[in-house]
Amino acid sequence: MSKIWVLGAGQLGAMLKHAAQPLDIELRPVETDELDTFPIADDDWITVEREHWPDTPATKQLSEHPRFLNKQLLATLADRASQKRLLDELELATAPWVDVTEAVSAEQLFDELGERVLLKQRSGGYDGKGQHWLKQDGGAAQLSVPQGWGGNCIAEQAIGFDEEVSLIGMRHRDGRMAFYPLATNLHHQGILLATVSPVASKAPLQQQAEAMLSKLMESQDYVGVMTMECFQVGDKLLINEIAPRVHNSGHWTQAGSSLSQFEAHVRAVADLPMVEPLVKAQGIMLNLIGVDYNREWLGVPGVEVFWYGKEVRPGRKVGHINLCISERAQLLASLEQLKPLMDEVYGMAIDWVVSHLD
Ligand code: ATP
Ligand code: MG
């Protein structure tokens, strides 16, 4: 049986491994800084849990293997400029943008994009890092970008969105696709804090979202799980960014669906039968960001804790909590019980979750 090798060994790799095990699939996440190479067979499969990696003996071996899936697309998406260009080519709506070259002035950017302009590093950004609001200092002709960003960023129009939603889809080798219901996402300081899915009021957007992601996956003959982060503006979706992998906004599927996004990816990669994911009830995910593990969380009925075993640092994702409870009264009771066991910001997140319950 072919093994699956995953480029990257963070929490996403760990959760892929966790999902592969009961399917009797051997899946091995590989640290990107490994100096060793691995006994990879010709008929093994290589996939990723991240879109950026350093050049090391291990990443070279994995990414140059003939069965490294979606190789070309990964390179395109890893650079925000080529990602935006691809979306434009496919006529998929995205936040208006400009490639920031040495020749562009701040004035030109404000002229073209409006008065709020967000600079984003072309590669390497995550969790809101690598973003910088362009300053309006009297229309300075000189473009001031943070040190080291020169020629390596794009400028985006600030979108006054209603809410952020994401669509997670899967595509198998035979071209069949399936999708989860849209996830509604709350960000705090550039980092995902909470997800609810499904949310009944987002159902009218589902078809539009699936058409967009289908077009992208089909055009690239993509295999695996892919995530489309969107801004919702009225009844329209604008793509914020694409992640060619399982995604934080899909963690709710571990508790809320018959098929987790991790198992869905493993099935697509290993060419196992594809099924429509069934939804059990509204799924809720709270990200644990820079907080210590509190074992009292485990005393709340319905709470499912995933602790990543990483060192706790401010702003770092160190785990998440899922809840999927079909009885509304119990769900509300569990959320109330959780509140005092968590930092203040989670009080706000839980209120946001409650406002999205059907
Ligand atoms: P991720 O953790 O998803 O990889 P990231 O650092 O790659 O995040 P983005 O997803 O591009 O960055 O942006 C992070 C958040 O910043 C978005 O979810 C959104 O809340 C806000 N944001 C990004 N781009 C814009 C924009 N053009 N207009 C308004 N808000 C934006
Ligand atoms: Mg994002």
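The analysis underlying the following values was restricted to heavy atoms, covering all of them including side chains, and did not include hydrogens, waters or symmetry mates. We count ligands from 1, going down the list as the structure has it; atoms in each ligand are counted the same way.
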message: Would a single hydrophobic cluster contain both L332 and M285, if residues Ile, Leu, Val, Met, Phe, Trp and Tyr are joined by side-chain heavy-atom contacts under 4.5 Å?
response: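 Hydrophobic grouping puts M285 apart from L332.
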
query: Applying the 4.5 Å side-chain criterion to the ILVMFWY set and letting contacts propagate, would F161 and L192 be lumped into a single cluster?
result: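 They do not share one cluster, since no chain of ILVMFWY contacts under 4.5 Å joins F161 to L192.
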
task: Please state which part of Q121 comes within less than 4.0 Å of ligand 1, counting heavy atoms only: side chain, backbone, both or neither.
output: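 Looking at Q121 and ligand 1, no heavy atom falls under 4.0 Å.
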
task: With heavy atoms under 4.0 Å as the rule, classify the contact between I191 and ligand 1 as side chain, backbone, both or neither.
output: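 None of I191 does.
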
- prompt: Of all the non-hydrogen atoms in the protein, which one sits nearest to atom 18 (O) of ligand 1, and at what distance?
  reply: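 Going by distance alone, atom 18 (O) of ligand 1 is nearest to E164 OE1, 2.6 Å.
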
Closest approach of any protein heavy atom to atom 10 (O) of ligand 1, naming residue and atom: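 Result: E241 OE2, 2.7 Å.
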
message: Both conditions, 6.0 Å and 45 degrees, for the charged tip of R173 above the ring of W45: are they met here?
response: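 Cation-pi check for R173 and W45: passes.
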
query: Would you say M226 and I242 make side-chain contact, with heavy atoms under 4.5 Å?
result: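 Side-chain contact under 4.5 Å: yes.
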
query: For D99 and K84, what are the C-alpha separation, side-chain angles and deciding distance, and is it a salt bridge (charged side-chain N to carboxylate O under 4.0 Å, His left out)?
result: CA-CA 9 Å; D99 194 358; K84 288 289 228 179; over 6 Å; no

field: Inter- and intrachain pairs under ring pair (Phe, Tyr, Trp, His ring centres under 6.0 Å), touching residues 301-344, at least two apart
entry: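 Sorted pair list: H251-H320, Y293-W307, F306-H320, Y308-H320.
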
- prompt: Is at least one protein non-hydrogen atom found at under 4.0 angstrom from atom 21 (C) of ligand 1?
  reply: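 Protein heavy atom within 4.0 Å of atom 21 (C) of ligand 1: absent.
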
query: Under 4.0 Å from any heavy atom of E229, which atoms of ligand 1 are there?
result: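 What qualifies from ligand 1 is 3 (O), 10 (O).
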
- request: List every atom of ligand 1 that sits less than 4.0 Å from any heavy atom of F161, numbering the atoms from 1 in the order shown and giving each element.
  value: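 Checking each atom against F161, I get 29 (C), 30 (N).
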
- request: Keeping the roles fixed (side chain from S249, backbone from S166), state whether a donor-acceptor pair exists under 3.5 Å.
  value: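 Pair absent, no side-chain N/O of S249 close to backbone of S166.
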
field: Nearest neighbour of atom 23 (C) of ligand 1 from the list Q157, K317, R50, K120, on a heavy-atom basis
entry: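 Nearest option to atom 23 (C) of ligand 1, by heavy atoms: K120.
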
- prompt: Which option, K129, Q131, H187, owns the non-hydrogen atom nearest atom 12 (O) of ligand 1?
  reply: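 Nearest heavy atom to atom 12 (O) of ligand 1 lies in Q131.
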
Can you find an N or O of [X] that's nearer than 3.5 Å to an N or O of ligand 1?
X    : value
H247 : no
W133 : no
I159 : yes

- prompt: Would H247 and E229 count as a side-chain hydrogen bond (donor to acceptor under 3.5 Å, both in side chains) if you check the C-alpha gap in whole Å, the side-chain angles of each, and the deciding distance to 0.1 Å?
  reply: CA-CA 10 Å; H247 192 261; E229 294 180 29; 2.8 Å; yes

query: Do any heavy atoms of R116 fall under 4.0 Å from ligand 1?
result: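 It does not; every heavy atom stays at 4.0 Å or beyond.
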
query: Should Q232 and K202 be marked as a side-chain hydrogen bond (donor to acceptor under 3.5 Å, both in side chains) after you check the CA-CA gap, both sets of side-chain angles, and the distance that decides it?
result: CA-CA 10 Å; Q232 178 200 350; K202 303 300 179 199; 2.6 Å; yes

Degrees at the Mg ion (ligand 2) between the OE1 atom of E229 and the OE2 atom of E241, nearest 10°: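 That angle works out to 100° after rounding to 10°.
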
